[in-house]
Amino acid sequence: MVSVSGFRTHTTHVHDNNQDLSSVQEVSDSFTWLLDDLPPGDSSSVETIPVIDLTDPDIVNRIGHACQTWGVFQITGHGVPVGLIDRLELQGRRFFSLPIDQKLKAARRPGDLSGYGQAPILSYFEKVMWSEGFTMAESPANLACQVWPDDYTEFCDVMEEYKKEMKALASKIMWLMLSSLVICKEDLEWSEPTEELDGSAVLHLNWYPRCPDPSRAIGMVPHTDSTFITILYPSSTAGLQVLQAHTAQAHWVSVDRVPGSLIINVGDLLHILTNGRFRSSLHQALVNQDKPRFSAPFFFGPPKDTLIGPLIKLTDADKGPLYRAVKMDEYLGLKKKHYQNALNLLKLA
Ligand SMILES: C=C1C[C@]23C[C@@]1(O)CC[C@H]2[C@@]12CCC[C@@](C)(C(=O)O1)[C@H]2[C@@H]3C(=O)O
Ligand SMILES: O=C(O)CCC(=O)C(=O)O
Ligand SMILES: [Fe+2]
């Protein structure tokens, strides 16, 4: 695993970051990260993450291979209407363009998943990231009506519609991934053997304001996502990098997005479920001097009260279960507290 000890701290930090980054002229110390012991970036790299069309006849093998190597790939032919994605970005930009005091009316409260603020993982660090986010684990109506008392329905309708579309797509992709390991519906005890896989659905929006000195700040620190899979809409502005870790020399690769594609990331809970066969991808987001950047990850995980451990079919005499079972909420808590060490804490001897 890649070490990030250059900026690691050991206590939980509560950041009181109510600053409006779009008006900040200088990157102060609290935003300056020392990323000295991370693998180098490689802007001249010709490698790129796999691009897979969902209508490809060899889809199962191609997805299976991508999950076992990169742990991340782009999908085309996904069928999500372009108009819906445009409306999602428009509403997201509308929210983040509001004055900070108005956004703070939807601030994430201690113990809640949903709300506006810095990414939860920040509690592990002393420094602050050059970004803000809005998490919607359930209907955003209660939060959005605090922000726009007379005008929140359009925002909520778009978020709900997009979330519904994402849930169906996530379920389809998960089945394709699991089929590559010859796992069938009956092997997942928690889900009814219906078409759509049961699970938790969390929509999150990220905003990376323009940054006066991108070499000193980071939009989103290197991390793996925690849930089963993430479907990321990265928008047309560059910034996402993934770690190519399956070759001899690990290095960062900038994601060159195929227009119209969505990015699929394997998360830690899917790594656990597959007993380590699928790799959860380490990724980060850089910031930009010229323009702000929007992105929208959709996190798909197990139903709230389901314990997730390695599937029996994927354990054998040679390779017993590598991890103990865990519920999603517990794992999200471990991630906030222990960052990339969370997975190690579940490892069985
Ligand atoms: C379901 C979730 C995944 C996430 C924590 C959250 O409750 C909602 C925000 C998600 C996010 C987005 C930015 C990176 C990340 C590590 C973080 O701090 O918040 C992920 C979380 C995760 O995957 O653990
Ligand atoms: O903004 C991006 O491209 C990545 C965001 C991300 O990794 C996340 O929200 O988990
Ligand atoms: Fe992520």
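Whatever order the structure lists them in is the order used to number ligands and atoms, beginning at 1.
For ligand 2, the atoms sitting less than 4.0 Å from at least one non-hydrogen atom of Leu232 are 3 (O), numbered in the order shown with element in parentheses. Every atom of ligand 2 with a heavy atom of Phe299 under 4.0 Å away is listed here by number and element: 10 (O). Of all the atoms in ligand 2, the ones that sit under 4.0 Å from a non-hydrogen atom of His283 are 7 (O). Each of the following atoms of ligand 1 lies closer than 4.0 Å to a heavy atom of Lys335: 24 (O). Under a 4.0 Å criterion applied to the non-hydrogen atoms of His223, ligand 2 contributes the atoms 6 (C), 7 (O), 8 (C), 10 (O). Distances below 4.0 Å separate heavy atoms of Asp225 from the following atoms of ligand 1: 23 (O). Ligand-side atoms of ligand 2 in range of Leu240: 3 (O), 4 (C), range being under 4.0 angstrom from any heavy atom. In the vicinity of Tyr208, heavy-atom distances shorter than 4.0 Å reach the ligand 2 atoms 1 (O), 2 (C), 4 (C), 5 (C). For ligand 2 and Ser295, the ligand atoms under 4.0 Å from any heavy atom of the residue are 1 (O), 2 (C).
Remark: minimum distance from atom 13 (C) of ligand 1 to any protein heavy atom is reached at Met220 CE, 3.7 Å. In this structure, the protein non-hydrogen atom closest to atom 20 (C) of ligand 1 is Phe299 CZ, 4.1 Å. Protein heavy atom at the shortest distance from atom 17 (C) of ligand 1 is Pro120 CD, 3.7 Å. In this structure, atom 7 (O) of ligand 1 lies nearest to the protein heavy atom Leu113 CD2, 3.4 Å. Among all non-hydrogen protein atoms, the one lying nearest atom 3 (O) of ligand 2 is Arg293 NH2, 2.7 Å. Considering only non-hydrogen protein atoms, atom 8 (C) of ligand 1 sits nearest to Thr135 CG2, 3.6 Å. Atom 18 (O) of ligand 1 has as its closest protein heavy atom Ile121 N, 2.8 Å.
Using the six-membered ring where Trp is involved, Phe299 and His204 have ring planes that are perpendicular, over 60° apart on the 30 and 60° scheme. Classified by interplanar angle (parallel below 30°, tilted 30° to 60°, perpendicular above 60°), the ring pair Phe125/Tyr339 is perpendicular. Ring orientation note: the planes of Tyr323 and His271 are nearly perpendicular, at an angle over 60° on the 30°/60° scale. Between Trp130 and Phe31, the angle of the ring planes goes over 60°, which puts this pair in the perpendicular group of the 30/60° scheme.
Nearest heavy-atom pair, Ala342 versus Tyr331, reported as atom, atom and distance to 0.1 Å: CB-OH, 3.7 Å. Between Phe228 and Met174, the closest heavy-atom pair is CD1-CE, 3.6 Å. Minimum interatomic distance between Tyr116 and Phe134 (heavy atoms only, all atoms of both residues): N-CD1, 3.5 Å.
In this structure the side chain of Arg293 never reaches within 4.5 angstrom of the side chain of Arg210, judged on heavy atoms.
Restricting Asp225 to its N/O/S atoms, the shortest distance to the Fe ion (ligand 3) is reached by OD1.
In the candidate list Leu332, Asp112, Thr230, Leu332 is nearest to atom 2 (C) of ligand 1, counting heavy atoms. The residue among Leu282, Asn206, Val255 with a heavy atom at the shortest distance from atom 9 (O) of ligand 2 is Asn206. The residue among His204, His223, Gln118 with a heavy atom at the shortest distance from atom 15 (C) of ligand 1 is His223.
Salt-bridge annotation for Lys103 and Asp20: absent, with no side-chain N of the basic residue lying under 4.0 Å from a carboxylate O of the acidic one. Remark: Glu132 does not engage Arg108 in a salt bridge, criterion side-chain N to carboxylate O under 4.0 Å. In summary, Arg93 and Glu89 engage in a salt bridge, as defined by a charged side-chain N under 4.0 Å from a carboxylate O.
When non-hydrogen atoms are compared, ligand 2 lies under 4.0 Å from neither the backbone nor the side chain of Asn265.
A heavy-atom separation below 4.0 Å is found between Pro297 and ligand 2. Heavy-atom separations between Gln284 and ligand 2 are all 4.0 Å or longer.
For NZ of Lys172, the number of neighbouring non-hydrogen atoms (other residues, nucleotides, ligands) closer than 6.0 Å is 12 at most. By the 6.0 Å contact criterion, CG on Leu84 is enclosed, its count of non-hydrogen atoms from other residues, nucleotides or ligands being greater than 12.
Between the NE2 atom of His283 and the NE2 atom of His223, the angle taken at the Fe ion (ligand 3) works out to 90° after rounding to 10°.
When each of Ile264, Val60, Ile183 is paired with Met177, the side chain to side chain contact (heavy atoms under 4.5 Å, CB included) condition holds for Ile264 and for no other.
Criterion: ILVMFWY side-chain heavy atoms under 4.5 Å apart, direct or through other members. Under it, Ile312 and Leu188 are not part of a common hydrophobic cluster.
In this structure, atom 22 (C) of ligand 1 has protein heavy atoms in its sub-4.0 angstrom surroundings.
By the 3.5 Å distance cut-off applied to N or O atoms, Ser226 is counted among the residues near ligand 1.
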